[in-house]
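Letters go in sequence order (proteins before strands), and every chain restarts at 1.
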Amino acid sequence: MKAQKTAPVRTEMAVMTYREALNLALREEMHRDDRVFVIGEEVGLYEGAYKVTQGLLKEFGPRRVIDTPIAESGFTGVGIGAAMVGLRPVVEMMTFNFALLALDQIVNSAAKLCYMSGGQYNVPIVIRGPGGPAHQLAAQHSQSMESYFYHVPGLKVVRPTTPMDAKGLLKSSIRDENPVIFIESETLYAMKGEVPDDPDFLIPLGQAVVRREGTDVTVIAYMGMMYRALEAAEELDKEGISIEVVDPRTLRPMDTETIIGSVRKTHRAVVVEAGAGFAGMGSEIASFITEQAFDELDAPVERVTGANAPMPYARNLERAKTPSKETILAAVRRVCYANGD
Amino acid sequence: MKAQKTAPVRTEMAVMTYREALNLALREEMHRDDRVFVIGEEVGLYEGAYKVTQGLLKEFGPRRVIDTPIAESGFTGVGIGAAMVGLRPVVEMMTFNFALLALDQIVNSAAKLCYMSGGQYNVPIVIRGPGGPAHQLAAQHSQSMESYFYHVPGLKVVRPTTPMDAKGLLKSSIRDENPVIFIESETLYAMKGEVPDDPDFLIPLGQAVVRREGTDVTVIAYMGMMYRALEAAEELDKEGISIEVVDPRTLRPMDTETIIGSVRKTHRAVVVEAGAGFAGMGSEIASFITEQAFDELDAPVERVTGANAPMPYARNLERAKTPSKETILAAVRRVCYANGD
Amino acid sequence: MAQKTLKQPAPSASGVDSDLAKRLLRDMMLVRRFEEKAAEAYALGKIGGFLHLSIGEEAVAAGATSVLRRDDYSISTYREHGHCLVKGSDPRRVMAELFGRRDGLSKGKGGSMHLFDKTVNFLGGHAIVGAHLPLAAGVGFAIQYRGGDQVVVCYFGDGAVPEGEFHEALNLSSLWKLPVIFLCENNRYAMGTSLERALAETEIWKFGRAYNIPCEPVDGMDVLAVRDVAARAVERARTEHTPTLIEARTYRFRGHSMRDPAGAVYRTKEEVEREKLRDPIVLFRNRALESRWLTDADVRAIEKDVNDVIDEAVAFADASPEPPVEWLLTDIYKEGAENRAREGAENRAREN
Amino acid sequence: MAQKTLKQPAPSASGVDSDLAKRLLRDMMLVRRFEEKAAEAYALGKIGGFLHLSIGEEAVAAGATSVLRRDDYSISTYREHGHCLVKGSDPRRVMAELFGRRDGLSKGKGGSMHLFDKTVNFLGGHAIVGAHLPLAAGVGFAIQYRGGDQVVVCYFGDGAVPEGEFHEALNLSSLWKLPVIFLCENNRYAMGTSLERALAETEIWKFGRAYNIPCEPVDGMDVLAVRDVAARAVERARTEHTPTLIEARTYRFRGHSMRDPAGAVYRTKEEVEREKLRDPIVLFRNRALESRWLTDADVRAIEKDVNDVIDEAVAFADASPEPPVEWLLTDIYKEGAENRAREGAENRAREN
Ligand SMILES: Cc1ncc(C[n+]2csc(CCOP(=O)(O)OP(=O)(O)O)c2C)c(N)n1
Ligand SMILES: Cc1ncc(C[n+]2csc(CCOP(=O)(O)OP(=O)(O)O)c2C)c(N)n1
Ligand SMILES: [Mg+2]
Ligand SMILES: [Mg+2]
């Protein structure tokens, strides 16, 4: 993987897991700002269902690390109410599947209070937790959840792909004045990477990053799909096809410029997403690329998406549900040879 | 407006409002099938907040027309449970804004039970009510709601634009074996149109309709936007630009063939939607058109969408929020003159 | 209107004096007059959308708010004109909001259902039934987090009780000992649905027992009774961080909204007429005169003052211009130019 | 297992005879053995995802189901192996489902958390905490709609009580008099959260009072006690359409799921060991022997039978093939070829 363009230059790097990077971000922000607190199911005594909040209760005590009953709408509403009057809650969804129970609070309260009050009340809340396909958790516990949020004016939506992003984007989200939906992934928590020590290291929301430079095809992908795209890129290298991989990192607001910039160079684009394809993130990305770079495209933008089905439990079906390296390879080859070249 | 292609030929037509057409569909299906019942807030004694269920309590009694307390998740769950064991509930959302409170039930129960049970239990439920922009109801009561549903495998999503469609599509939805999200519009209830008397008149889900034939540009639009598109078409006629208007009617499953067929003829397309544009229905329609008809497009597909903002209350801001005839005209002119011609 | 000194204890509900009587009567009459004028403006098309009047229910807002400090919070539903006005909001800016004008509390973006006023800690104006109960708990949480001694009053209707969020909010508030007063304005109907058709237990206050919190019913047409029960709840919340559930039994004299003609389907004319005999303003005015807290002249002075204030509010709202169309795209996010530039980009399709 | 004749009244809970004792012991042992073997298979990687064992809680499923007819319904959470098995499902097909194989109850698409069996009216297998309570009310609604006399038993955990849907479902069931038995398996923890940290009222059965429905606690380790209280509730539901809330006090001997190692953080070893002394199988076996309902030989025969049945279930599951990959796209909708063709089109991007 190429170095991130936004990585700070003079900072010390530590190697840690994605989970530890999130944990570090939380700790740093809680030290920095007493208004920041963490609330959710099992975040305290149990130290998080996925251990993202490990050690926080011990370090910050029960005033700032609050275990809740199972009442997603209730405790999300508590977070929003607290944010209205100036606190900075970080609400953990044990998994984002359960955020549907709080969706009214998120969409009709958090996202709209600033607007409806003419800017009097803003809602600086972060709602975070894992989402997306996980291992054999089946239909109710394994699904891409971002589609319920990125359409909504008033929300910001983040999907951090690397440990470094996990830290830098979570810190920016906590400091943001607006509601931020921050969707991690169970399948990435154990992944290791370099993370700056600097407690002021931030990655601004709304900036995409070029993960790998290339000249022939732009592949846009995030989270697990980004890593599959990198694998596909390595393989295509051998065939002499040079892939540029762009990771949006923030889905709302979307950094269209970086993506368009890359497509202007490569003239071909493939968008990969794990979720069911119909009207997903890929549709939007394909649309704005086509609108803004139509005359420079040598082939229609290809969407590689998960199958249009709920997530099955059986291992083999589950494997078939989500895009593989092979489906990415096939799509890239289509945009390369269908047209132009 | 051109006659609908799917309109039956030998049936008697009655002129009635969209509201009456829905009411007629409910009554016919309740007469036809004792398993059909209507449940929701104010559907009985009050005869519906928007009078769609007028007369039903008197005609069918309290066994089949059930007033509920304000408990959207609860009574939607009741509908789903009843459907699992063979009834055919029609659940009214007083307005679709409140469906967010029941979204978990809709997405994680209704849409997935058939799949998770390996086909043992299906959920023949219709969830219906008005959605979309309404007059000065502000951010929480005036928003496009279809985006929360059309992405979800296992659901069908219907948006009926005319009184005839209201009847034919609602009847098909009630007879469908699957959960159908049927989103009407407060702004259309009083609209009049011809509706077949035939109690077996059905419009199949998943069939788009050409509302107006034309040769130069295909405009895809539904609900209120469809009527604005027709107005724009009349105006453009005078300039010698011939518009074909296609109404998808069902958003999931989407009738891509009819839309692509039209675009193959016109080589240009504009998609109009009332909702906030980012990652909306227009993105999907623009995407599949581009994928499937790339070489035949003379210009990139244009999306005309509502502003990316919550709905404001003030009349002038509200007007500016939703696409107008003028924005449609401008988009059509762009696709006409930008390229090709 | 609300007390200005923060540490002063809430006045006892007994021992009514002339000042207090004036305030309570004035508050109720102000709300009544405001809403009568709003109804007229609605008929003239100056107000759009939904307009929900609290006429008949003014004693709840006036009584409860009279024991609050200015730095206490209140939060409400879409039927909130009264709650907002008695908390101290400028009637002119409230009316301008209903008119959808730039000088409205929310710049005209919220309307009648979404009044907010940060200057008096009025937290809205929420139109999803039940959704603001968890928000109230969150405000209570924040007070506790900061070690403050404020309280939050959360007004809601009987219709919110069957919603899941009622249960979640009460459980969390009890469990965490949050200083929240849940004040149910039980007007016996949620739109056209009477209590009996909505709840397995129609004595709403009894739900408090399930959560082990203090709870009681009160005559919501008696402003002093409301004041009394609210004073005790506020005291408990301030000193012991104990939430309370109060059921104020009241009645709305008008229809659910201006679109619901007096509600003849679901209740009888006789019932409405009978309830109007309990008009909280008439009841309290008579009592105040009888008890010599007020003279006839006092009442006339209040009446005139209120009429003037509301006339001025209407004139102000009428004179206030529409919000500039660019405001469509402001206040979506709280942030500087960078963010607005992005929103602008997303709105490209619309703008050109 | 469940009775076949529909109109026969439920047997009285007193007057235990040898047949009933055999059935109860066998049911509990079957569930225990099934789950022990499932745990082994999980360790071997044959079962994936989450696996939640009900070991220690078997008396609730066995006792309650013993008073149901085959045409009665039950519905449950993700900790539902026991509820499904005792309702009469074929252990081979249940195990195959856990293995994700084509002969599983749900063709391998549901897994451990989503068992469904239409042949025995077992309605799932729901993994969103609280979400199946309204579904249960809906099934009760359908029974009433059709004028039937079936009942539905809805199992749920103590963790579901703070959820809004608990409140909504109980209110609706009471209001509409639905034949639903809400059977809370209170094992004192929701994952790592003890009752005291989740609920303002820890005596869960008392919530029934708020909805004016019959409610009582029962020792969930005593299969006869559960049977007794369930029998009364079923009788009320069948004849009077009255819902009931039962709180069965039980304990899970294992961790929350296979990924939670026995749960050492949130409870003490001593507590777990102490609770294990109340093992419902041991308690009932001893009592059955003492009461001469069963002989040692009976117990040994049941043990052998159960072991054989479960061994066979494992062998069956092992032998069952993976579902064909085309099944990824079936059962999304119940319909004919037309619809699947459309799904196919939508999946174009993936397939080529
Ligand atoms: C969640 C939700 N469901 C439905 C509605 C529509 N609705 C608006 S007000 C109302 C009745 C509320 O009655 P109540 O809580 O008693 O308050 P009241 O109007 O009597 O003051 C309903 C059903 C809504 N706004 N929100
Ligand atoms: C709505 C929702 N929130 C959170 C979860 C995650 N979760 C799964 S099981 C569980 C604990 C449930 O405890 P309880 O209801 O007591 O049942 P038990 O596991 O003890 O049988 C939690 C929090 C979930 N599945 N659904
Ligand atoms: Mg009411
Ligand atoms: Mg438990």
Problem - Gap separating the CZ atom of D/R101 from the CZ atom of A/R315, nearest 0.5 angstrom - result: 8.5 Å

Practice task
Indicate the atoms forming the closest heavy-atom contact of D/L329 with A/A309, along with that distance.
Solution key: CD2-CB, 4.1 Å

Completion exercise
side chain to side chain contact (heavy atoms under 4.5 Å, CB included) with D/I128: of A/I70, A/L101, A/L100, only one passes, and it is A/L101

Handout entry: Min side-chain heavy-atom separation A/Q140-D/M113 under 4.5 Å
Key = no

Problem - Partner of A/P310 by side chain to side chain contact (heavy atoms under 4.5 Å, CB included), out of D/L328, D/D331, D/I332 - result: D/I332

Handout entry: Portion of A/E72 that has a non-hydrogen atom of chain D nearer than 4.5 angstrom
Key = both

Handout entry: Mutual orientation of the aromatic rings belonging to A/Y46 and D/Y266 [parallel < 30°, tilted 30-60°, perpendicular > 60°]
Key = tilted

Practice task
Could you have a look at D/P162, D/G130, D/P324, D/A190 and say which one has the most heavy-atom pairs with chain A under 4.5 angstrom?
Solution key: D/P162

Fill in the blank from the handout: Honestly, the part of D/I47 sitting under 4.5 Å from a heavy atom of chain A is both

Problem - Nearest heavy atoms of A/Y50 and D/F50, plus distance in Å - result: OH-CZ, 3.6 Å

Handout entry: Side-chain heavy atoms of D/T193 within contact of A/E41, under 4.5 Å
Key = no

Exercise for the section: Taking all heavy atoms of A/H141 and all of D/A127, pick out the closest pair and write down the distance. Expected result: CE1-O, 3.1 Å

Exercise for the section: Would you check if the side chain of A/N316 reaches a backbone N or O of D/P323 as a donor-acceptor pair within less than 3.5 Å? Expected result: yes

Practice task
Could you tell me whether the side chain of A/P69 reaches within less than 4.5 Å of the side chain of D/L199, counting heavy atoms only?
Solution key: no

Exercise for the section: Select one option (side chain, backbone, both, neither) describing which atoms of D/Y78 are under 4.5 Å from chain A's heavy atoms. Expected result: neither

Exercise for the section: With a 4.5 Å cut-off on heavy-atom pairs, point out which of A/H135, A/E42, A/Q136 contacts chain D the most. Expected result: A/E42

Fill in the blank from the handout: Heavy-atom nearest pair, A/A138 first then D/H114, reads CB-CD2, 3.8 Å

Exercise for the section: Select one option (side chain, backbone, both, neither) describing which atoms of D/E326 are under 4.5 Å from chain A's heavy atoms. Expected result: neither

Handout entry: Which atoms of D/R259 approach chain A - backbone, side chain, both or neither, heavy atom under 4.5 Å
Key = side chain

Problem - Non-hydrogen atoms of A/L45 and D/V265 that approach each other most closely - result: O-CG1, 3.4 Å

Practice task
Answer with side chain, backbone, both or neither: which region of D/L98 has an atom nearer than 4.5 Å to a non-hydrogen atom of chain A?
Solution key: backbone

